[in-house]
Amino acid sequence: MAQKKLSGEVFLPSKAVVEKANVKDWDEMSKRAQEDYEGFWAAEAEKLHWFKKWDKVLDESNKPFYKWFTGATTNISYNCLDVHLSTWRRNKLALFWEGENGDFQSYSYYLLHKQVCKFANILKSMGVVKGDRVTIYMGRVPELVFAMLACARLGAIHSVVFGGFSVEALHERLEDSKSKVLIVSDGSYVRGKIVNLKKIADEALMRAATVEHVVVVRRTGHEINMEAGRDYWYHELSSLPMGNQGCEAEVLDAETPLFLLYTSGTTGKPKAILHTHGGYMVGTYTSLKYVFDIHEEDRFWCAADPGWITGHSYIVYGPLLTGVTSFMYEGAPTHPYPNRWWQLIEKYGINILYTAPTAIRGLMKYGDAWPQRHDLSSLRLLGTVGEPINPEAWKWYHRVIGRGECPIMDTWWQTETGMFMITPMPCVPLKPGSGTRPFPGLIMDIVNEDGESVKPNEEGFLIIKRPWPSMMRTIYNDPDRYVNQYWSRYPGYYLTGDSARRDEDGYYWIIGRVDDVIKVSGYRLGTAEIESALVSHTSVAEAAAIGLPHDVKGNAIHCFVILKEGVEGTAQLAEELRQHVGHEVGPIARPEQIEFVSSLPKTRSGKIMRRVLKAKALGIDPGNLSTLEE
Ligand code: WTA
């Protein structure tokens, strides 16, 4: 690529990387995508399987409810599995897995297809049909992948709830989605301990009226409660003859809902982001192939959790669509020792590792000796996602894990976007901490309050000015919120909720959320979820949650609590409240610190001014206080 001199610290790709890369010239690709945007996406879509081709690539007749590939029929599960069966990939490793306790499973495309058909037949026998919602609540195990693809096969809508969430979070999601079936594992291994997922599910199910059947996957084998007539063991059902018949993938309209994924938003309860078969398929396939430069022989490891969008798009759908080998690991990076990941990379010859800044910082803490004991020479590319990566962690990752040779793909995207949006490709010069530029064809901008583009290096709101195939289609059950939250602030443009700046070279630098979302260890949590868990405790009158900078987690949750009349704010109560939030929402939401206060800063309309709390906690100027009531 023709290069002008870039400002700041720049890492150029090696000749070897560029020579191997699928995309050697970013500028040419960008230009092509700009000039014929629909043509660009249609050409990518052509590489996938459609039962019937589209009449229209992008349908803008009902903005902002955009549609892609209208008139076409397809099925993402068919594209992940069946299409490979008539090629040599039939016997290629599709998915392999290691458990925290050293268990191992592997599935060729042939075998994965079988497992998925079996699971689909089980769901069918429970009456699951196209459009039904199925909630999946498990640790990181292969059955989770079977379950997702089985739903997709039938045209049912999966809603995966992260295995680190707890009773209230699961209950809320079951209720909102009105799920007919819940798929759960008995438990999961986390740092050598068993998390009793079935017990949490039992508690949530007491209040969830719509669930008719529960499929229980045995993972830990500990004693659990099985309710007769409701709960069925997966291994028993799958050994029945009906499980073993094939299961044709449903022929679905491209816009058929594929999944719901609940995520925290600006206010109130988590919202269900809806993605569809056709556009999501094209977006994840294309972005993975080019950004992580997928080659047939690669072993790709996305170390995220399948319970979040990163796992959906880049453990399951993207890799299987590209026909690559995807690796999944059950446990924590540092269990039993901080070399667990490096050991896995060496053992399995992983070529591409995609993880989050929080994991990198957490591993960096243990020093260079742990990774240096392992042969990491199989690695060709690295990736990061979830929050801004500090240059120090970037450089450690690059030097110690990537031998100073592996480019780092710092990918900015969201549950809502489905795919990478601001991202380098291997041929692009990198600056530590910047995701470089928008993916070819996308038009993004950084604007001020009035919607005007800000000058280089000025901070502003990050927006997206053009629809893209894997964009969310709506918020399930709440289309008004979809319009109001994303498309109303700057009419016609998508509001990301992030602030950013663009440097003199056009490189984007993400600063962080501008709404009430807190990113803790890369996980997305809403202040509202934490606050409502706190006020559900008998001692609490009011609560406010904010995120404060944390060395490893990026942000840690700090809460301010007003107690009810007569209740004393002891250290013991603070601890009890922390545990309470952990029980209601999940361990990741457990506050770092609880501070008892007698009042909270509010606007005249009664909204808590979290920015004032944050400024006070950090000892900085709170800025404009004209709307503050007291
Ligand atoms: C943040 C995760 C900086 C951002 C895929 C975004 C990032 C939110 C990056 C979405 C990155 C994600 N650099 N910040 N590379 N990637 N974010 O929905 O604030 O869990 O809006 O999707 O994560 O979080 P979500």
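The structure presented is a predicted model; accordingly, all values stated were derived computationally and were not measured. For ligands, and for the atoms within them, numbers begin at 1 and follow the listed sequence.
- Counting only distance, with no hydrogens or angles, the side chain of Glu100 and the backbone of Glu330 share no donor-acceptor pair below 3.5 Å.
- Listed by atom number, the atoms of ligand 1 under 4.0 Å from Val385 heavy atoms are 5 (C), 16 (N).
- In terms of N/O distances under 3.5 Å, ligand 1 is approached by Lys519.
- Residue Arg524 approaches ligand 1 through these ligand atoms, each under 4.0 Å from one of its heavy atoms: 10 (C), 18 (O), 20 (O), 24 (O), 25 (P).
- Between Trp487 and Tyr494, the gap from one ring centroid to the other is short of 6.0 Å.
- Interface atoms of ligand 1 facing Thr310, defined by a heavy-atom separation under 4.0 Å, are 5 (C).
- Only side-chain heavy atoms of Asp498 come within less than 4.0 Å of ligand 1; its backbone N, CA, C and O stay farther off.
- Here is the list of ligand 1 atoms found below 4.0 Å of a heavy atom in Ile510: 3 (C), 14 (N).
- Between Phe259 and Tyr280, the ring planes lie perpendicular to each other; the angle is over 60°, past the 30° to 60° tilted range.
- By the 4.0 Å N-to-carboxylate-O rule, Lys455 lies too far from Glu504 to be salt-bridged with it.
- Note: an N/O pair closer than 3.5 Å links Thr411 and ligand 1 by distance alone.
- Classification of the Phe327-Tyr329 ring pair by plane angle, with boundaries at 30° and 60°, yields parallel.
- In terms of N/O distances under 3.5 Å, ligand 1 is not approached by Thr263.
- Shortest contact from atom 10 (C) of ligand 1 to any protein heavy atom: Trp413 O, 3.5 Å.
- The shell of residues lying under 4.0 angstrom from ligand 1, judged by heavy atoms, includes Gly386.
- Stacking of Arg173 on the aromatic ring of Phe165 is recorded, both the 6.0 Å distance cut-off and the 45° axial limit being met.
- Side-chain contact of Thr411 with Tyr354: a donor-acceptor pair under 3.5 Å is present, judged by distance alone.
- Heavy-atom proximity to Arg513, at under 4.0 Å, picks out these atoms of ligand 1: 6 (C), 19 (O), 21 (O).
- Residue contacts with ligand 1 include Pro388, since one of its heavy atoms falls under 4.0 Å from the ligand.
- Looking at Ile422 against ligand 1, nothing comes within 4.0 Å, counting heavy atoms.
- Partner of Phe420 under the ring pair (Phe, Tyr, Trp, His ring centres under 6.0 Å) criterion, chosen from Phe292, Tyr290, Tyr285: Phe292.
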Using the rule given for salt bridge (Lys or Arg N to Asp or Glu O under 4.0 Å), can you reason through Lys431 versus Asp503, listing the C-alpha separation, both sets of side-chain angles and the distance that settles it, and then say yes or no? CA-CA 11 Å; Lys431 298 187 188 189; Asp503 69 17; 2.8 Å; yes
